[in-house]
Every structure is written in C-alpha cells, then in structure tokens.
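Note that the structure is predicted; figures quoted are calculated from it, not measured. Positions are given from 1 along the sequence.
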Amino acid sequence: MRAMVLPGPRARLRMDERFDPIPGDGQIRVKVSACGVCRTDLHVVDGELPDIRYPIVPGHEIVGRVDLVGPDVTTHRPGDRVGIPWLGYTCGTCRFCREGMENLCDHPLFTGCTRDGGYATHAIADARYAFPLGEDGDDVAIAPLLCAGLIGWRSLVMAGLAERLGIYGFGAAGHIVAQVAAWQGRSVYAFTRRGDIAAQDFARDLGAVWAGASDELPDAPLDAAIIYAPAGELVPAALRAVRKGGRVVCAGIHMSDIPSFPYNLLWEERQLLSVANLTRQDGLDFLKIAPQAGVRTETTVFALNEANEVLDRLRSGQIIGAAVLRP
C-alpha cells in the first residue's frame, strides 16, 4: 500500500510504501476510493491537538470498499461500500459511553490522529465505526459528509430551532449545513473573511439570504450562530450578532484564543456552546437526512501525492467547498 505520512508536527507529508495491513479482531480493511481534506487535518499537521500519534497517516473523511475482514466481524463483507469518520473507537465502559455520550469517551481513538487514516490506498477501521453507505451517490461527493457534514449536523442540532441562523466560516462544513438549514426552512446568514466575494457569492447560490464579512452585523439579529472558522475573535462577533437568549455554537476541534469581551455580549441569557466529535447516531441520522435535503457537495479532486499542496491551499483559504484526495 501507499500512504502520505506525517513524520512529526509541522513537517511535510511524505509518500511511503508499506506492507498491506491485516485487520485484527473486529476490524476491517478498506480500499480507499476518496478521502476528504478537513481543516482538522491542518490542526494535526500543525501539532495543535493533544496526543497525536506520530508518525501518522492523516485523513478521516474516508469512502471505500471493504476488501478484507478480521475475526468476529459479522456486519461487513468484502465489497461493501463504507464511510470511516473521525471517531474511530470508544471504550464503551467509561461514564460517557455508558450515558450515551460516546463522543466524550475517556479512551477514544481518532482516525487520522491517533490511528492511521485515509491519505492512503488502504485503511484499517473498527467495523463498529464504519458506516454502511449503500450504492447511491458518488464517492468523491460523499467524502466531505463524513466529517464536515457530520460535525455540521451535530452543530446544527445544538443550535436549536433557530429561524435566523448565522454561519461563520463558509467552507466545507458551512456549505453543507447551509443547504440542510435552507431545506429545513431557516434563513441562512453567511459570514466570510473580509473581501472573500467568491465565498459570499457561493453562499448566496446555496440559498443564503445574506452574506458578508465576519465583522459585519446582519440586517436582523440572529437566533443562533455556528462558528466553523478556527478564529477565537469570531466568538464576540457572533455574540454581538445574536438576539437575547440566542446561542453561539463553536464547532471546531481547535480555535485560537478567545479575546476578552464585555459581559453585556453574553448577558440576557445568550449561550456559548462547543461541539466535540460526534456519535455514531449522529452519523446514521445525517446520512439519512443528506439525500432528503438534496445536499450537493462542492468538491475539487486532487491526487494523493498532492496532499501537501492541498493543505497549503486550505490553510490560505483557496479552497471553495471541499477538497478530496483520490489514491
């Protein structure tokens, strides 16, 4: 097999050849057909997350077909198309797992961070954490749903029944959630980097009723806002934009420090929440919703050996929608 391997923090990925991996008990081997490039991959590359296992193969928006099953696997067969997300394993015994909050497991494994991911021709996955995808839809189009879509869905649920919804950072997750929110009958307000006219036009094309810079106020107070960009300064900006009793949901796994802000931005029962990982039920729910909502992912395809260049482009905001690697 071939894999793009990250040897250490802030290093360039290198192409390695390895022996084909053999799945263990409860595991499957997947021949990767597409792997989305997520902003979390940048945080892995930049060493901004705890407990990263180096060397590591990044990538956690994996679509592929099972080509080998390990002992005790009864849920998947060779040839099945599956999706492998960020959450790759939970212990099942800690308090959070027992209480239905496996996304907060005390002893998890994360695909592309603490276990090898999908920037490769093959990947090993826990069979319990591989979603059956069926045969509908294109592999490349589905790949961004496995994290941008799933985390987007969880953050949208946490935003509550907001009629006027703000989305800060209109990238892979933002452009998926905007479509679901519009399908649900919400009014979407898109916030981008100042001067990013292309992203603002893209948001309007996907149904946003307003699009502007992140430091602007919309034409009406928001009921809730979701922040996908990893910029702490957007928290007070979003609090300023929501009404009394409104919610601001921080959906990223990493964010720069939040600057101090006056208490009156939080007062009047505004809420500030964060999203951590996902549950398998989130995945099952969203993968049913996405086709009903007619979600269309905007993707740009790159070869596996172009991973470094793609990450550079993502970091500088040059990707519209989502980037996807094909081995």
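A salt bridge is defined here as a Lys NZ or Arg NE, NH1 or NH2 lying under 4.0 Å from an Asp or Glu carboxylate O, and D126 with R115 fails to meet this definition. The pair D223-R164 meets the salt-bridge criterion, since a charged nitrogen lies less than 4.0 angstrom from a carboxylate oxygen.
Hydrophobic clustering keeps I226 apart from I258 (ILVMFWY residues linked when any side-chain heavy atoms are closer than 4.5 Å, directly or through intermediates). The hydrophobic cluster containing V37 also contains V177, counting ILVMFWY residues as joined when their side-chain heavy atoms lie under 4.5 angstrom apart, directly or transitively. Put simply, L222 and V188 are part of two different groups of oily side chains (I, L, V, M, F, W, Y) that touch within less than 4.5 Å, one to the next. In the hydrophobic cluster analysis, where Ile, Leu, Val, Met, Phe, Trp and Tyr join through side-chain heavy atoms closer than 4.5 angstrom, V310 is grouped together with L42. Following chains of ILVMFWY side-chain contacts shorter than 4.5 Å, one cannot reach L104 starting from Y89, and the two form parts of different hydrophobic clusters.
Residue pairs meeting the salt bridge (charged side-chain N to carboxylate O under 4.0 Å, His left out) criterion with at least one member in residues 81-103, sequence neighbours excluded, are R81-D139, R95-E99, E102-R280. Applying the ring-ring contact (aromatic ring centres under 6.0 Å, His included) test to residues at least two apart or on different chains, the pairs with a partner in residues 10-54 are H43-H254. For the ring-ring contact (aromatic ring centres under 6.0 Å, His included) condition, the pairs that include at least one residue of residues 99-143, sequence neighbours left out, are W86-F110. Residue pairs that meet the salt bridge (charged side-chain N to carboxylate O under 4.0 Å, His left out) test with at least one member in residues 140-151, sequence neighbours left out, do not exist here.
The side chain to side chain contact (heavy atoms under 4.5 Å, CB included) check on A229 picks up L234, with sequence neighbours excluded. Residues that satisfy the side chain to side chain contact (heavy atoms under 4.5 Å, CB included) test with D282, not counting sequence neighbours, are R154, L278, T279. For P55, the side chain to side chain contact (heavy atoms under 4.5 Å, CB included) partners two or more places apart in sequence, or in a different chain, are V5. Considering only residues two or more places apart in sequence or on other chains, Q184 meets the side chain to side chain contact (heavy atoms under 4.5 Å, CB included) condition with W153, L156, V180, R186. Applying the salt bridge (charged side-chain N to carboxylate O under 4.0 Å, His left out) rule to D16 yields the partners R14; only residues at least two apart in sequence or on another chain are considered. By the salt bridge (charged side-chain N to carboxylate O under 4.0 Å, His left out) test, E268 is found to be paired with R270, residues two or more places apart in sequence or in another chain being considered.
In terms of heavy atoms, A130 sits closest to I28 at CB-CD1, 3.7 Å. Residues P7 and A11 share a closest heavy-atom pair of CG-CB, 3.8 Å. Shown here for L272 and C250, the closest heavy-atom pair between the two residues is CD1-SG, 3.9 Å. Heavy-atom minimum distance, V32 versus G118: CG1-O, 3.8 Å. When all heavy atoms are compared, the tightest approach of P221 to R243 is CB-CB, 4.0 Å. Nearest heavy atom pair, residue L325 against residue A303, reads CD2-O, 3.5 Å.
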Distance-only donor-acceptor pairs under 3.5 Å for side chains of residues 316-324, two or more places apart:
residue, atom, partner, partner atom, Å
S316, OG, D312, O, 3.2
S316, OG, R313, O, 3.2
S316, OG, Q318, NE2, 2.7

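Using a 4.5 Å heavy-atom cutoff, the side chains of T111 and I62 are in contact. Side-chain atoms of R296 and L206, non-hydrogen and from C-beta on, do get closer than 4.5 Å to each other. N103 has its side chain within reach of M101: a pair of non-hydrogen atoms, C-beta onward, lies under 4.5 Å apart. You'll find the side chain of P236 reaches within 4.5 Å of the side chain of P259, heavy atoms only. Taking 4.5 Å as the limit, some side-chain heavy atom of L304 sits within range of a side-chain heavy atom of M15. Using a 4.5 Å heavy-atom threshold, the side chains of L311 and D41 count as touching. At least one side-chain heavy atom of Y189 sits less than 4.5 Å from a side-chain heavy atom of P218. By the 4.5 Å heavy-atom criterion applied to side chains, S155 and Y228 are counted as neighbours.
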Next item on the list: Give the C-alpha distance, both sets of side-chain angles, the deciding distance and a yes or no for side chain to side chain donor-acceptor pair (under 3.5 Å) between Y168 and T192.
Entry: CA-CA 6 Å; Y168 285 77; T192 73; over 6 Å; no

Margin query: R29 vs D67, test: salt bridge (charged side-chain N to carboxylate O under 4.0 Å, His left out). Steps then yes/no.
Written below: CA-CA 6 Å; R29 187 175 72 196; D67 74 347; 2.9 Å; yes

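If you check the side chains of D285 and Q281, you find a donor sitting under 3.5 Å from an acceptor.
At least one donor-acceptor pair closer than 3.5 Å links the side chain of D196 to the backbone N or O of A199. One N or O on the side chain of E61 and one on the backbone of A148 form a donor-acceptor pair closer than 3.5 Å. A donor-acceptor contact shorter than 3.5 Å links the side chain of D80 to the backbone of R77. Without hydrogens or angle criteria, T297 side chain to A141 main chain gives a donor-acceptor distance under 3.5 Å. In this structure, N308 contributes its side chain and L13 its backbone to a donor-acceptor pair below 3.5 Å. A donor-acceptor contact shorter than 3.5 Å is absent between the side chain of R247 and the backbone of L273. Between the side chain of Q200 and the backbone N or O of I197 there is no donor-acceptor pair closer than 3.5 Å. S33 places a side-chain N or O within donor-acceptor distance of the main-chain N or O of V63, the cut-off being under 3.5 Å.
Centroid-to-centroid, the aromatic rings of F202 and H175 come within less than 6.0 Å.
Counting heavy atoms of neighbouring residues, nucleotides and ligands inside a 6.0 Å radius, atom CG of D51 does not exceed 12 of them. The environment of D136 atom CG is sparse: at most 12 non-hydrogen atoms of other residues, nucleotides or ligands sit within 6.0 angstrom.
Here the CD atom belonging to E298 is positioned 11.0 Å from the CD1 atom belonging to I176, to the nearest 0.5 angstrom. In this structure, CG on L133 lies 6.5 Å from CG on L287, to the nearest 0.5 angstrom. For the atom pair SG (C147) and CD1 (I84), the distance works out to 13.5 Å, reported to the nearest 0.5 Å.
Across R240, R194, R193, a single residue satisfies side chain to side chain donor-acceptor pair (under 3.5 Å) together with D215, and that is R194.
Listed by chain and number, the hydrophobic cluster partners of L217 come to none, as no ILVMFWY side chain reaches under 4.5 Å of it.
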